[in-house]
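Worksheet for the structure shown next.
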Amino acid sequence: MRSENVPFTGGPLDGRVLPVLVGATGHPPKWYEVPVPAADGGPATVHAYLRVPAGYTRRLRIQRGWVYEYAPAGRERHRPKWPWSKPG
């Protein structure tokens with residue numbers, strides 16, 4: 001598998017650059033979750049990071065890569081919006 005070095009901003013991984021496996025499209029996953037075990041042996045805390053563009057070039061506006069930003073609210077859950085589904 002191919003991996004890409006992606007920088008992290010915010011949260012417990014602030015300033016670190018970690019290798020992240022990329023998918024078939026060559027992009028890292030949209031969400032990256034880091035479980036941190038509790039000191040007292042309780043359930044682990046999960047920190048979520050959202051993938052955002054790192055920036056764009058000046059002239060052609062080509063994307064320069066990806067950065068993971070800390071999402072303190074956690075991962076957004078997505079439900080399919082079918083026409084026959086009841087509103088939430």
Close side-chain approach of Leu50 to Tyr68, heavy-atom, < 4.5 Å: no
Residues forming a side-chain hydrogen bond (donor to acceptor under 3.5 Å, both in side chains) with Tyr56, sequence neighbours excluded: none
Pairs flagged by salt bridge (charged side-chain N to carboxylate O under 4.0 Å, His left out) wherever residues 54-66 is involved - sequence neighbours left out: none
Residue pairs passing the side-chain hydrogen bond (donor to acceptor under 3.5 Å, both in side chains) test where at least one lies in residues 4-16, sequence neighbours excluded: none
From CA spacing to verdict: side-chain contact (heavy atoms from CB on, under 4.5 Å), Val6, Leu18: CA-CA 6 Å; Val6 181; Leu18 298 176; over 6 Å; no
Side-chain hydrophobic cluster, 4.5 Å single linkage: members besides Leu60: Ile62
Pro37 to Ala44 - nearest heavy-atom pair and separation: CA-CB, 4.0 Å
Donor-acceptor contacts under 3.5 Å from residues 20-32 side chains, at least two apart:
residue: His27; atom: ND1; partner: Trp66; partner atom: NE1; Å: 3.3

Those residues that, when tested against Thr45, pass side-chain contact (heavy atoms from CB on, under 4.5 Å) (two or more places apart): His47
Salt bridge (charged side-chain N to carboxylate O under 4.0 Å, His left out) pairs, two or more places apart, involving residues 32-46: Glu33-Arg75
Members sharing Trp82's hydrophobic cluster (side chains within less than 4.5 Å): Trp84
Contact summary for Pro19 and Ser3, nearest pair of heavy atoms: CB-OG, 4.1 Å
Within-4.5 Å side-chain heavy-atom neighbours: Val17 and Phe8: no
